[in-house]
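Accompanying notes for the structure given below.
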2 protein chains.
Amino acid sequence: MKVLIEGLSDTFDNRVRLGVMSMLMVNDWVEFTTFKTMLDLTDGRLASHLKVLEGEAYIEVQKQFIGRKPNTSYRATALGRKAFNDHLDALEKLLNLRNQNGPAAVEKKED
Amino acid sequence: MKVLIEGLSDTFDNRVRLGVMSMLMVNDWVEFTTFKTMLDLTDGRLASHLKVLEGEAYIEVQKQFIGRKPNTSYRATALGRKAFNDHLDALEKLLNLRNQNGPAAVEKKED
DNA sequence: TTGAAGTACTTTGAAACACAAAGTTACTTT
DNA sequence: AAAGTAACTTTGTGTTTCAAAGTACTTCAA
C-alpha cells in the first residue's frame, strides 16, 4: 500500500506560494501591496513567487491605474483553483492519518 | 494585518518528513521498511530525512532483531508530536482562508 | 559455497531552490 | 530638486534535495 506523497504539487510546496493561493481562493482580485503586507514579504521575494505562479498559468495579472498610481492585481485562474484544490485534497488525505484509524493505519509488530 | 506564513515549521516543509510524521501520529512504532514501501522512497532518501527528524528529537529509534533479521523502528517523541500539531494548526489557519469569509478576507477594490 | 537478496544505512556530487540586497524604471508628491 | 511609491529584475550566495553508488553485515537458496 502507498501513501502517495507524490500527489502533492511542487508548485505549492513553497509557503509564500501557498499563502498567495490561499488568499486568492477567497478574494477575487488581490493587489501586490496587499500580498506584501499580509504575508510580510519583500518586493523581490513576492515578485519571484508570483512569477512562478503566473508561469504555471495559475494566476493572472491586471495592470491599471487607480487614481494616478500604478496598480497590479492578481487573481487565480480556473486551472490554478483546480491545481490548488487537488493539492489540498492530497494534503488532507495525507494528514487524515493523524485523526482517525482509517485504511492507512499500519499493522503493528510485537517485540 | 498579517497572515503569518512564518508560523509554519521548516522541518515539516518537506513532503517526506510530512509523510513520516503523519504516519507516526497514528502508529506507535513504524519500521524503516514500512516507511520505505508506503512512501515509495529509496533507502538513502528515507534515511536522510529520518536523520533530520531524529536530529530535532522529533522521533526516536529502536534497533532490534526480529527473528534473525535486523529491524529499525521509529516513533514520535512528545516534542515531535507537539511540533507537528503546531505546524498543522498554522497550516489549517492559513488554509481556512479558502473555506469561509473569516477575518482574513481582504477588502476589494473596484476597477 | 557461491552468489543473490535483504536491511539499513553513508557519501558524493550536481541541480534546483530560495532569499537578501541592491539596482531599475517610471512615475508622483512635497 | 529631492524624496517617495510601486513593481519589479538582477546578482550572488547559501541551503536543500535527490539520485546514484558504495558500505557492511546477514540470510537464504541452489
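Sequence lines set the chain letters: A, B, ... in the order given, protein chains first and strands last, and positions in each chain run from 1. Every value quoted in this text rests on a predicted model; they were computed, and no experiment measured them.
Between the CZ atom of A/Phe65 and the C1' atom of D/dA7 there is a distance of 11 Å, rounded to whole Å. Distance, A/Phe35 CZ to D/dC8 P: 11 Å, rounded to whole Å. Atoms NZ (A/Lys63) and C1' (D/dC8) sit 8 Å apart, rounded to a whole Å. Rounded to an integer number of Å, the gap from CG of A/Asn14 to P of D/dT15 is 17 Å. Straight-line distance from the CG atom of B/Asp10 to the C1' atom of D/dT16: 11 Å, rounded to whole Å.
At least one side-chain heavy atom of B/Arg15 sits under 4.5 Å from a side-chain heavy atom of A/Asp13. A/Asn71 has its side chain out of reach of A/Phe65: every pair of non-hydrogen atoms, C-beta onward, lies at least 4.5 Å apart. For the pair A/Ile59 and A/Arg81, the minimum side-chain heavy-atom distance is 4.5 Å or more.
Across all strands shown, B/Arg15 has no heavy atoms under 4.0 Å from either base or sugar-phosphate atoms. Contact annotation for A/Lys36: no contact, since no heavy-atom pair falls under 4.0 Å across all strands.
The side chain to side chain contact (heavy atoms under 4.5 Å, CB included) test applied to A/Ser9 returns A/Thr11, A/Phe12, A/His87, not counting sequence neighbours. Listed by chain and number, the residues in a side chain to side chain contact (heavy atoms under 4.5 Å, CB included) with B/Thr72 are B/Phe32, B/Val61, B/Lys63, B/Tyr74 (sequence neighbours excluded). With sequence neighbours left out, B/Lys36 forms a salt bridge (Lys or Arg N to Asp or Glu O under 4.0 Å) with B/Asp43.
A/Met38 and A/Met23 make their closest contact through SD-CE, 3.8 Å (heavy atoms, listed as atom of the first residue, atom of the second, distance).
Applying the 4.0 Å criterion to OP1 and OP2 of D/dC8, one finds that A/Tyr74 has a side-chain N or O inside that range.
Looking at residues 43-50 of chain A, you'll see A/Arg45, A/His49 sit with a heavy atom under 4.0 Å from some atom of DNA chain C.
Protein chain A contacts DNA chain C over a range whose 5' and 3' limits, counting nucleotides with an atom under 4.0 angstrom from a non-hydrogen atom, are C/dA18 to C/dT28.
Of the two residues near DNA chain D, A/Lys51 and A/Lys69, the one whose nearest nucleotide lies more 5' is A/Lys69.
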List the atom pairs, with distances to 0.1 Å, where a side-chain N or O of residues 47-58 of chain B and a protein N or O form a donor-acceptor pair under 3.5 Å, not counting sequence neighbours.
residue, atom, partner, partner atom, Å
B/Ser48, OG, B/Gly44, O, 3.4
B/Ser48, OG, B/Arg45, O, 2.8
B/His49, ND1, B/Arg17, NH1, 3.1

